[in-house]
A.B. asks: 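Below you'll find the structure I mean.
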Number of protein chains: 2
Amino acid sequence: MGSGEDSGVGADYPQRATIRDVAARAGVSIGTASKALNASGSLRQETRDRVVAAANELGFRPNAMAQSLHRSRSMTVGVLTTDSFGRFIFPILEALEETLAGHGIAIFMCNATDDPEREQQHLDQLLGKRIDGLLVTARRMDRRPAIAVPGKSMPVIYVFSQSDDPDALCLLPDDHGGAVLAVEHLIATGRRRIAHITGPAEFEAVTLRHQGYVDTLARAGLPALPEHYLNGLWSEAWGREAVDQLFADAATAPDALFCGNDQIARGASDALRERGLTVPQDVAVVGFDNWDVMALAARPPLSSVDMNLHRLGRAAGERLIAMIGGERIRGVERLPCSLVVRPSSAPAGHTDTTQQNQNS
Amino acid sequence: MGSGEDSGVGADYPQRATIRDVAARAGVSIGTASKALNASGSLRQETRDRVVAAANELGFRPNAMAQSLHRSRSMTVGVLTTDSFGRFIFPILEALEETLAGHGIAIFMCNATDDPEREQQHLDQLLGKRIDGLLVTARRMDRRPAIAVPGKSMPVIYVFSQSDDPDALCLLPDDHGGAVLAVEHLIATGRRRIAHITGPAEFEAVTLRHQGYVDTLARAGLPALPEHYLNGLWSEAWGREAVDQLFADAATAPDALFCGNDQIARGASDALRERGLTVPQDVAVVGFDNWDVMALAARPPLSSVDMNLHRLGRAAGERLIAMIGGERIRGVERLPCSLVVRPSSAPAGHTDTTQQNQNS
DNA sequence: ACAATTTCGGAAAAGGTTTTCTTTGATCGT
DNA sequence: ACGATCAAAGAAAACCTTTTCCGAAATTGT
């Protein structure tokens, strides 16, 4: 101990200048200084300038906590992820952050990793920080229990996850519509025997996309064969295995695959190639998620449904700001997906086109 | 306007209870209430209990902003990502959040997407919020300019990125050591003609890993052939292409590939299979990043160097807390990587083992 | 029973800002 | 030149806690 001149314990950094320092330097009272800096009140121009100059010289930056205390608006919101930040959450977060930052709102990031106790701790902490709003994301499979915010006191939005709280707003991609886009595209490019390989049936998204698939086939007068609908894991290995099943019997072999995600699609595409089938000439493939790492690395590159997560994040930010402003929004809102067409499903000529539908 | 009973503009939610309410309900002064709730001062047990009961009944939660104002410690830190949150940043963030949350510190997330102006705005905002510390992450390629925190006033750590600020602390994975691990493993399993396929030479990581590769070969008395070192992109396509180059001339064909990331490794592995070469019998493959999506989906699953990003994040949190506590830490700290052995390099029998070296 | 000590609880300042209300001094009208 | 009006700046309250200092009551010792 005692090496150097700083006392050794605690962060004894120089205190930042306060408005009191600014006022002193400008030779005015703190009230006047405040007015000058906020362009409010009625002051002589010369006085304003003097105060502003003093503030700049001191590198003054108003203490947001003191301001918030006064305004009882913290200008912060919490983002609570139930499962850990996954690949899907990123683009949402990014857009959310951008949107909120544009309104001067900062984000507290919390991650509860599916531990209810940690979730509660985080929530307590956020409540203590007097966040103006809360955004909850979770793994999509489960309809998560409502977050217990005391006294209905704060706007809450669930993004990419759903809650059973009827007063909350849930923002989700339109899985049904995404499936419709994919299947319509396959039909439009001449496919008639379209199979659907997807993930575990417990996921609501799986059900919804399947429904979109079935509905679209029906509307086109095509049969939805039971043996063309395969549930499994979200993995490439499952994609390969599913192709083996589908093509075991040449009689019922499909001429197109609509896959529940890009990993399945890529696995399927690999398996097709190894069977000597050409994508897209023999079999067209469309994936879901438009995850570039998968979709672009596949051979040929995969057509895929894009959930427009960036837009979802932006929408979440906008809704949250509206709710903080006093609007009451609730219910489930599903935002449209788009289809990105790449060679895996393209009739020669088309490539990398984006289609988009309305909410369906 | 005027529909319903709420005034219509602004978030007119019920105010949270303050300590003043608690004090009133317990029939004590606010000072006493504070002492009771913080287990400080000298109070009768009965009084404490009464106050605590009142607090619970009201759902009282102390206003962290008021506390911080008083203590001049905001119990928050900022995380500023220069490029947008990438795949590598996630595990770091996750561990960081966990570590800091354990100390009651919350995280402001900001993303500047390589825009210096946005970076400055975010920094201003964070400074206004009186964060206790700042953590900066960036794309690793460039040694980023130092963040301009006025007056050396606050602890700053660069994680997974490096700054030219000699006073800052930079936390990075030990790329050199990671490469050493990989190449030693390949040598230990009997390989003698080891090639290195990697990304663009501008990345410092590429240089360091290459150095580790060269050093290890030299130590083993093996030659580092220039035609066995290939720079390209970080993609599967480049991995495939590189294999074509390497195996064009059978005379110089390698018996092992050390790849700069898992995507390259996977592409290489695919290309080998398509050439009729078996992994690992004919050619062993080791990747870098241990990105499960790639490493596990490859056939066979890829051995890979793990940068232990989770540990890196945890270390960052711990260092930051130490610095906030008054310690001055600086310089560049490189944390060890591990090697995860999977079938792509395993001599039959070994599988999914982790090795780890000391800082090298 | 009285002074000395302890125990308990209250009052008030501090932390940094905004805003409302006053006050001061100047300008205007007649 | 005098009261009325207006502009400009200051004083103080409020936001919510914590903490230091004090006073009052209760306890102890003799």
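All values derive from a computational prediction rather than experimental measurement. Just so we're on the same page: letters track the sequence lines, and every chain starts at 1.
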A.B. asks: May I have the distance from A/Asn63 (atom CG) to C/dG15 (atom C1'), rounded to whole angstrom?
C.D. replies: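 Distance check: A/Asn63 CG to C/dG15 C1' gives 9 Å.
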
A.B. asks: Taking only Lys NZ, Arg NE, NH1 and NH2, and the carboxylate oxygens of Asp or Glu, determine whether A/Arg319 and A/Glu327 approach each other closer than 4.0 Å.
C.D. replies: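 The answer is no: the pair does not qualify as a salt bridge.
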
A.B. asks: Please report, rounded to the nearest Å, how far the C1' atom of D/dA7 is from the CZ atom of A/Arg48.
C.D. replies: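 My rounded result for the distance is 12 Å.
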
A.B. asks: Taking only Lys NZ, Arg NE, NH1 and NH2, and the carboxylate oxygens of Asp or Glu, determine whether B/Glu97 and A/Arg118 approach each other closer than 4.0 Å.
C.D. replies: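 Salt bridge present between B/Glu97 and A/Arg118.
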
A.B. asks: Rounded to the Å, how far apart are B/Arg44 CZ and D/dA26 P?
C.D. replies: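 Going from B/Arg44 (CZ) to D/dA26 (P), I get 10 Å.
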
A.B. asks: Whole-Å distance between C/dT19 P and A/Asn38 CG?
C.D. replies: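 Checked: the CG to P distance equals 7 Å.
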
A.B. asks: Let me know, please, whether B/Val28 or A/Ile30 comes out on the 5' side of the other along DNA chain C by nearest nucleotide.
C.D. replies: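 Taking each residue's closest nucleotide, the earlier one in sequence belongs to B/Val28.
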
A.B. asks: Looking at the side chain of B/Thr32, which of D/dA9, C/dG9, D/dT17 is the nearest nucleotide?
C.D. replies: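 Nearest to the side-chain atoms of B/Thr32, counting from C-beta on, is C/dG9.
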
A.B. asks: Which of the following nucleotides, C/dG9, C/dT19, D/dT17, is nearest to the side chain of B/Ile19?
C.D. replies: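 Closest of the options to the side chain of B/Ile19: D/dT17.
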
A.B. asks: Between B/Ser29 and A/His70, which has a closest nucleotide on DNA chain C that is more 5'?
C.D. replies: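 Comparing both residues, the 5'-ward one is B/Ser29.
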
A.B. asks: If you only use heavy atoms from C-beta on, which nucleotide in C/dT17, C/dG10, D/dT17 is closest to the side chain of B/Gln67?
C.D. replies: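 Looking only at side-chain atoms, B/Gln67 lies closest to D/dT17.
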
A.B. asks: For the side chain of A/Thr18, starting at C-beta, report the closest nucleotide among C/dT17, D/dC21, D/dT17.
C.D. replies: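 Given the options C/dT17, D/dC21, D/dT17, the side chain of A/Thr18 is closest to C/dT17.
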
A.B. asks: Whole angstrom is fine here: how far is it from CE in A/Met75 over to C1' in C/dT17?
C.D. replies: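 Atom CE in A/Met75 sits about 15 Å away from atom C1' in C/dT17.
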
A.B. asks: Nearest whole angstrom, please: distance from the P of C/dC8 to the NZ of B/Lys35.
C.D. replies: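 The distance from NZ of B/Lys35 to P of C/dC8 comes to 12 Å, rounded to the nearest Å.
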
A.B. asks: What is the distance, to the nearest angstrom, from the CZ atom on A/Arg71 to the P atom on D/dC16?
C.D. replies: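 In whole Å, D/dC16 P lies 15 Å from A/Arg71 CZ.
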
A.B. asks: Considering every strand and a 4.0 Å limit on heavy-atom distances, what is the contact class for A/Thr47: base, sugar-phosphate, or nothing?
C.D. replies: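 Touches sugar-phosphate only.
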
A.B. asks: Tell me whether A/Ser68 contacts the main-chain N or O of A/Ala64 through its side chain, where contact means a donor paired with an acceptor under 3.5 Å.
C.D. replies: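 Yes: the side chain of A/Ser68 pairs with the backbone of A/Ala64.
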
A.B. asks: From C-beta outward on A/Ser34, which listed nucleotide comes closest to its side chain: D/dT17, C/dT7, C/dT19?
C.D. replies: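 Between D/dT17, C/dT7, C/dT19, the one nearest the side chain of A/Ser34 would be C/dT19.
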
A.B. asks: Please walk me through it: do B/Gln67 and B/Asn63 pass side chain to side chain donor-acceptor pair (under 3.5 Å)?
C.D. replies: CA-CA 6 Å; B/Gln67 292 180 316; B/Asn63 184 321; over 6 Å; no

A.B. asks: Between C/dT17, D/dT18, D/dT17, which nucleotide gets closest to the side-chain atoms of B/Phe60?
C.D. replies: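 Nearest to the side-chain atoms of B/Phe60, counting from C-beta on, is D/dT17.
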
A.B. asks: Please pick, from C/dG9, C/dT18, C/dG16, the nucleotide with the shortest atom-to-atom distance to any side-chain atom of B/Leu69.
C.D. replies: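 Selected nucleotide: C/dG16.
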
A.B. asks: How long is the line joining CG of B/Asp21 and P of D/dT17, in whole Å?
C.D. replies: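 So the CG-P distance, B/Asp21 to D/dT17, works out to 9 Å.
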
A.B. asks: Could you go through the side chain to side chain donor-acceptor pair (under 3.5 Å) check for B/Asp114 and B/Thr82 one step at a time?
C.D. replies: CA-CA 5 Å; B/Asp114 269 331; B/Thr82 300; 5.5 Å; no

